[in-house]
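Okay, handing you the structure first.
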Amino acid sequence: MPDINALDRVALVTGASSGIGRAVALELGRLRMTVWVNYHRGGTSAADVAAEITAAGGRAYTCSADVSSAAEVTAMFDRIRSTSGGVDVLVNNAGIEQPAPFLEVSEASWDLVVGVDLKGAFLCAQAAARDMVRRGVRGRIVNVSSIHEELPMPGNTPYVCAKGGMAMLTRNLAVELAPHGIAVVGVGPGAIATPINTKTLDDPELKAALTHEIPAGRIGTPEEVARLVGYLVSDDASYITGTTVFIDGGLMRSTGGL
Ligand code: NAD
């Protein structure tokens with residue numbers, strides 16, 4: 001089987017034109033992987049990410065696809081296969097949320113959020129795993145979930161349900177794909193400074209209230225999450241599978257001042 005640490009490992013990062021996905025793409029480029037920078041809306045930003053990787057001596061491509069569309073995911077993997085042979089590393093990072101009180105959540109909002117956050121991860125994981133098994137690659141799949149795969153978040157039901165489902169996707173695929181040498185791990189960020197949190201970050205009162213809840217006393221950075229992903233796809237993490245590693249400054253263990 002090809003060496004997992006070969007220089008030419010190919011990685012796909014979904015939703016990589018901003019935030020955590022952008023930082024992960026840059027980190028995997030730094031680790032000398034060929035990086036496919038997936039984006040849905042934000043082609044210019046994705047091109048900037050790819051340009052930054054190539055400027056540093058790496059290799060990167062952009063690829064547009066709505067991960068909630070089976071047809072678009074199939075076309076994206078066809079393109080990766082024909083150019084790079086297939087992926088060795090998949091980072092399911094694309095995610096959205098549409099906060100609303102439970103009594104007001106619409107069917108369309110549920111379908112959109114669960115479609116991107118959970119179905120998207122399923123579609124990409126299946127396409128990646130099929131290629132890994134066919135090529136005999138000891139691949140890695142990283143699912144970027146959230147502390148909310150375990151913690152309730154009132155007013156964000158579709159999101160927490162998608163992330164909770166992602167936790168079981170991680171666990172089930174880890175067991176089912178282990179005989180093929182494929183590891184599947186989750187990464188569960190707490191509060192990280194990215195565009196998904198713009199509303200909170202731009203409001204001094206909301207930001208202070210959130211920071212107060214974090215035992216580490218600060219909001220995390222996308223680069224901190226990216227370095228964790230870099231470790232999880234390295235040989236040093238070869239025995240880690242089927243679990244989620246939380247990166248939250250202690251937020252999940254916060255006692256709320258008790
Ligand atoms: P972000 O909004 O910058 O990143 C989300 C990315 O997903 C964007 O680039 C967006 O274009 C992309 N995307 C949206 N719909 C898509 C689709 N249909 N197909 C492909 N890409 C699509 O925010 P982020 O914080 O970097 O989020 C990245 C991941 O981290 C998400 O899964 C999010 O749930 C998770 N997360 C973030 C935090 C946080 O505090 N920032 C905490 C926990 C989990």
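Here the structure is a predicted model, which means the values were calculated and not measured. We count ligands from 1, going down the list as the structure has it; atoms in each ligand are counted the same way. Sequence positions, counted from 1, serve as the residue numbers for this chain.
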Next item on the list: Tell me which part of I147 gets within contact of ligand 1: side chain, backbone, both or neither, using heavy atoms under 4.0 Å.
Entry: neither
Item checked: P189 and ligand 1 - part of the residue with a heavy-atom distance under 4.0 Å -> both
Check: Is it true that a side-chain atom of R140 and a backbone atom of L232 form a donor plus acceptor pair closer than 3.5 Å?
Finding: yes
Checklist line | Top protein contact for atom 25 (O) of ligand 1, by heavy-atom distance | finding: T194 OG1, 2.5 Å
Next item on the list: Using the side-chain hydrogen bond (donor to acceptor under 3.5 Å, both in side chains) rule, collect all pairs that involve residues 223-232, keeping only residues at least two apart or in two chains.
Entry: R218-E224, T221-E224
Check: So which pairs with a foot in residues 191-201 pass side-chain hydrogen bond (donor to acceptor under 3.5 Å, both in side chains), sequence neighbours left out?
Finding: none
Checklist line | Min heavy-atom dist S145 to ligand 1 below 4.0 Å | finding: yes
Margin query: Yes or no, since that's all I need: does a protein heavy atom fall within a distance strictly under 4.0 Å of atom 10 (C) of ligand 1?
Written below: no
Check: Considering only heavy atoms, does A193 approach ligand 1 within less than 4.0 Å through its side chain, its backbone, both, or neither?
Finding: neither
Checklist line | Min heavy-atom dist G220 to ligand 1 below 4.0 Å | finding: no
Next item on the list: Report yes or no: does N38 contribute a side-chain atom to a donor-acceptor pair with the main-chain N or O of G15 at less than 3.5 Å?
Entry: yes
Note to self: Side chain, backbone, both or neither: which applies to V116 and ligand 1 if a contact is any heavy-atom pair less than 4.0 Å apart?
What the structure shows: side chain
Next item on the list: Between T14 and ligand 1, find which residue part has any heavy-atom pair under 4.0 Å and reply side chain, backbone, both or neither.
Entry: neither
Next item on the list: Give a yes/no verdict on whether any heavy atom in A65 is under 4.0 Å from an atom of ligand 1.
Entry: yes
Check: Considering only protein heavy atoms, which is closest to atom 18 (N) of ligand 1, and at what distance to one decimal place?
Finding: D66 OD1, 2.8 Å
Note to self: When you measure from the heavy atoms of R22 to every atom of ligand 1, does any distance fall below 4.0 Å?
What the structure shows: no
Checklist line | Shortest protein contact, atom 33 (C) of ligand 1 (heavy atom only) | finding: Y159 OH, 3.6 Å
Notebook entry, point to check: Under a 4.0 Å heavy-atom limit, does H148 contact ligand 1 with its side chain, its backbone, both, or neither?
Noted result: neither
Check: Has G42 got any heavy atom lying under 4.0 angstrom from an atom of ligand 1?
Finding: no
